[in-house]
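Some notes on the structure that comes next.
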Amino acid sequence: MNKNTNVQSTIDKIDKIHVNASSPYDIFIGKGILKNSGTIVRKLNKGENAVIITDDNVDKLYSQVVLDSLKDAGYKVSKFVFPHGEPSKSHKVLMPIYEFLAEHSVTRSDVLIGLGGGITGDMTGFAAASYLRGLDFVQIPTTLLAQVDSSVGGKTGIDIAAGKNLVGAFKQPIAVICDINTLSTLSQEIFADGMAEVIKHGMIRSEKLFDMVFKGDFDEKILDVVKQNILIKARVVENDEKEKGERMQLNFGHTLGHAIERYYNYTSITHGQAVAIGMSIFTNLAERQGLCEKGLHEKLCKCLENNKLPIKTNINIEELYEFSLKDKKRLSNGINIILCTNVGKCITKNLTINEYKKFLQI
Ligand SMILES: NC(=O)c1ccc[n+]([C@@H]2O[C@H](COP(=O)([O-])OP(=O)(O)OC[C@H]3O[C@@H](n4cnc5c(N)ncnc54)[C@H](O)[C@@H]3O)[C@@H](O)[C@H]2O)c1
């Protein structure tokens, strides 16, 4: 067998989900597939340099295997490591990334590899969208949130002082390599954070997924759970890449979730915890107003609690209302809210500010 046939057969053996975005790509998904990174990337990119961008935690755990694999595939590999955490997702790290790319003579034919959680993926994607007006990039997501959510859909960006994700671009990767084994080193809190998005996907699109994770004991089925999520997000993104309609439904729980995060100034509560509370409050309000199936709130809360997520907050509803009006996704004359009418089914409601206030029972 010649080398090319060998490469093709290695790639063929890995499960793939095709994303038919404006620039289509495959998401490779499996256990222990980090070692195949070089083979996958080489098939899609013919450049000389591959630059791994990762944070200090992930670097210690997973850089070497990816680096060796890229070298075996014939790349000159360099690595940029930044301190973990949201404050790094800013110009303070992005500018040194650009300088690093210049120092390493990276050209438009080369490829950036974002190895890590959503922060790494968002920032690497944005560097790839903007450096030299765009070069290839590959996402290797290593948190549950990044595997089921942020690595799918092409949203990239950084935070600025005025707010999170305010500067960014839509940039699709040439591939996503999703190695489930990396989830084994996540802390319980970071894993639970990703579960909020998993439960959200179940609530808006799939009773089957919701049931799979309901009791919180799905260790054996984790590969399947991640796949179901990727499929849901991929199909939504294919239908509405630039978030003009259907993609907004992925914001279920996020209107109040973002308000809660902003209230705490992005400290002392995680994004997933805030989204969990946001889903719970909206579903409770919807049920009280006869807008969803009876018992839905209790069912959702059980699922969230079984997955170690909170369901309420001490912040009063008036304050949540004020903070939610500052959301960048709000319309100039009103607000779109997403409500689930039952598990797996959701609707978008376009409300005026007065109607929104009424819905919140203020
Ligand atoms: N682009 C999108 O569509 C989208 C969607 C949702 C969220 N996001 C963004 O994603 C970011 C949050 O992502 P996140 O929760 O993955 O955060 P993250 O990237 O900070 O990762 C969380 C922590 O886990 C560590 N880590 C990562 N992988 C690990 C592993 N396998 N084992 C042990 N530790 C590991 C990291 O070092 C970090 O400390 C936010 O900035 C958010 O805005 C983007």
Side-chain angles (χ1 to χ4, degrees), residues 19 21 31-32 34 53-63 65-66 81-90 93-94 114-129 137 139-160 163-173 176-198 200-201 222 226 229-230 232-234 236-237 240-243 247-248 250-254 257-258 261-262 266 269-275 327-329:
V19 185
K31 294 187 173 183
L34 285 186
I53 299 178
T54 190
D55 73 25
D56 50 355
N57 286 335
V58 179
D59 180 39
K60 287 183 212 119
L61 295 164
Y62 301 114
S63 275
V65 55
V66 175
V81 183
F82 64 88
H84 66 276
E86 191 73 36
S88 283
K89 202 176 103 175
S90 77
V93 175
L94 184 67
L115 170 68
I119 288 174
T120 306
D122 280 10
M123 192 158 53
T124 307
F126 189 56
F137 102 105
Q139 294 248 30
I140 309 188
T142 61
T143 61
L144 182 62
L145 179 135
Q147 294 190 352
V148 302
D149 188 2
S150 64
S151 68
V152 190
K155 280 190 186 175
T156 71
I158 56 162
D159 308 331
I160 58 172
K164 247 170 79 87
N165 299 321
L166 287 187
V167 177
F170 284 97
K171 165 85 177 167
Q172 302 297 341
V176 178
I177 301 167
C178 196
D179 187 338
I180 304 298
N181 286 356
T182 60
L183 302 179
S184 64
T185 49
L186 290 177
S187 68
Q188 198 184 76
E189 192 184 48
I190 293 175
F191 188 86
D193 218 33
M195 279 311 295
E197 305 294 348
V198 169
K200 176 197 79 181
H201 284 150
I222 183 73
V226 173
N229 276 276
I230 293 175
I232 291 170
K233 177 125 191 218
V236 172
V237 167
D240 178 25
E241 195 169 319
K242 297 276 166 77
E243 199 167 330
R247 190 168 180 170
M248 278 182 228
L250 296 171
N251 290 330
F252 175 54
H254 285 62
H258 286 152
E261 282 186 284
R262 219 171 287 124
Y266 301 97
I269 191 156
T270 68
H271 175 70
Q273 289 166 344
V275 169
D327 202 296
K328 71 173 187 289
K329 288 182 180 162

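Both ligands and their constituent atoms are indexed starting at 1 by order of listing. The structure displayed is predicted, hence computed values, not measured ones.
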message: If I apply the N/O under 3.5 Å rule, does Asp193 come out as touching ligand 1?
response: no

- prompt: For atom 26 (N) of ligand 1, what is the nearest protein heavy atom, given as residue, atom name and distance?
  reply: Val58 CG2, 3.8 Å

- prompt: Any donor-acceptor pair under 3.5 Å linking the side chain of Arg247 with the backbone of Glu241?
  reply: yes

query: What protein heavy atom is closest to atom 21 (O) of ligand 1, reported as residue, atom name and distance in Å?
result: Thr143 CG2, 3.6 Å

task: Could you tell me whether Lys155 and ligand 1 have an N or O pair separated by under 3.5 Å?
output: yes

query: What residue and heavy atom of the protein are closest to atom 5 (C) of ligand 1, and at what distance?
result: Ser150 CB, 3.5 Å

- prompt: Side chains of Thr54 and Asp59: do they bring a donor and an acceptor to under 3.5 Å?
  reply: no

- request: Flag the pair Asp122 and Lys89 as a salt bridge only when some basic side-chain nitrogen lies within less than 4.0 angstrom of an acidic carboxylate oxygen.
  value: yes

Thr185 contact mode with ligand 1 (heavy-atom cut-off under 4.0 Å): both

- line: In terms of heavy-atom contacts, His84 and Asn57 come closest through CG-ND2, 3.3 Å

message: Among all protein heavy atoms in this structure, tell me which lies nearest to atom 29 (C) of ligand 1, with the distance rounded to 0.1 Å.
response: Leu186 CD2, 3.4 Å

- prompt: Please state which protein non-hydrogen atom is closest to atom 40 (C) of ligand 1 and give its distance, to 0.1 Å?
  reply: Glu86 OE1, 3.4 Å

query: For Glu189 and Gln273, what are the C-alpha separation, side-chain angles and deciding distance, and is it a side chain to side chain contact (heavy atoms under 4.5 Å, CB included)?
result: CA-CA 9 Å; Glu189 192 184 48; Gln273 289 166 344; 3.6 Å; yes

- request: List in chain and number order the residues that pass ring pair (Phe, Tyr, Trp, His ring centres under 6.0 Å) with His254, two or more places apart in sequence or in another chain; answer none if no residue qualifies.
  value: His258, His271

field: Side-chain (Ser88) to main-chain (Pro83) donor-acceptor, under 3.5 angstrom
entry: yes

statement: Among Leu145, Leu183, Asp55, closest by heavy atom to atom 12 (C) of ligand 1 is Leu145

field: Derivation of the side chain to side chain contact (heavy atoms under 4.5 Å, CB included) call for Asp55 and Val81
entry: CA-CA 5 Å; Asp55 73 25; Val81 183; 5.8 Å; no

Numbering as shown, the atoms of ligand 1 that approach Gly117 to under 4.0 Å (heavy-atom distance): 16 (O), 19 (O)

- line: Here the atoms of ligand 1 under 4.0 Å from any heavy atom belonging to Lys89 are 9 (C), 40 (C), 41 (O), 42 (C), 43 (O)

- prompt: Asp149 to ligand 1: N or O pair under 3.5 Å?
  reply: no

message: Please report whether ligand 1 has a polar contact with His84, defined as an N or O pair separated by less than 3.5 Å (distance criterion only).
response: no

task: Using distance alone, determine whether Val152 and ligand 1 share an N or O pair under 3.5 Å.
output: no

query: Side chains of Thr185 and Tyr62: do they bring a donor and an acceptor to under 3.5 Å?
result: yes

field: Atoms in ligand 1 flagged as close to Tyr62, the criterion being non-hydrogen separation under 4.0 Å
entry: 31 (N)

field: Best match, Gly118, Ser151, Pro141, Gly168: closest heavy atom to atom 17 (O) of ligand 1
entry: Gly118

- prompt: Looking only at N/O atoms, are Asp122 and ligand 1 under 3.5 Å apart anywhere?
  reply: yes

- prompt: CZ/Phe82 to CG/Leu94 distance, rounded to the nearest 0.5 angstrom?
  reply: 10.5 Å

- prompt: Going from CG on Leu115 to OG1 on Thr120, what distance comes out if it is rounded to the nearest 0.5 angstrom?
  reply: 7.5 Å

query: Which atoms of ligand 1 are found less than 4.0 Å from any heavy atom of Leu61?
result: 32 (N), 33 (C)

- line: atom 25 (C) of ligand 1: closest protein heavy atom, distance to 0.1 Å, is Asn57 ND2, 4.1 Å

query: Would you say the side chain of Val226 lies within less than 4.5 Å of the side chain of Leu183, judging by non-hydrogen atoms?
result: yes

query: So which protein heavy atom does atom 23 (C) of ligand 1 come closest to, and at what separation?
result: Ile190 CD1, 3.4 Å

- request: Give the contacting part of Glu197 toward ligand 1: side chain, backbone, both or neither, where contact means a heavy-atom distance below 4.0 Å.
  value: neither

field: Test: Asp149 and Lys233 ion pair at under 4.0 Å
entry: yes

task: Could you check atom 20 (O) of ligand 1 against the protein and tell me its nearest heavy-atom contact, residue, atom and distance included?
output: Ile119 CD1, 3.0 Å

query: Going by the order shown, which atoms of ligand 1 are within less than 4.0 Å of some heavy atom of Lys164?
result: 40 (C), 41 (O), 42 (C), 43 (O)

message: Using a 4.0 Å cut-off to any heavy atom of Asn165, which atoms of ligand 1 qualify?
response: 43 (O)

task: Just let me know how His271 lines up against ligand 1, side chain, backbone, both or neither, with a heavy-atom cut-off below 4.0 Å.
output: neither

task: Using distance alone, with no hydrogens and no angle criterion, decide if Asn251 and Glu243 have a side-chain donor and acceptor under 3.5 Å apart.
output: yes

task: Please examine the side chains of Lys242 and Phe170, heavy atoms only from C-beta on, and report whether any two atoms are closer than 4.5 Å.
output: yes

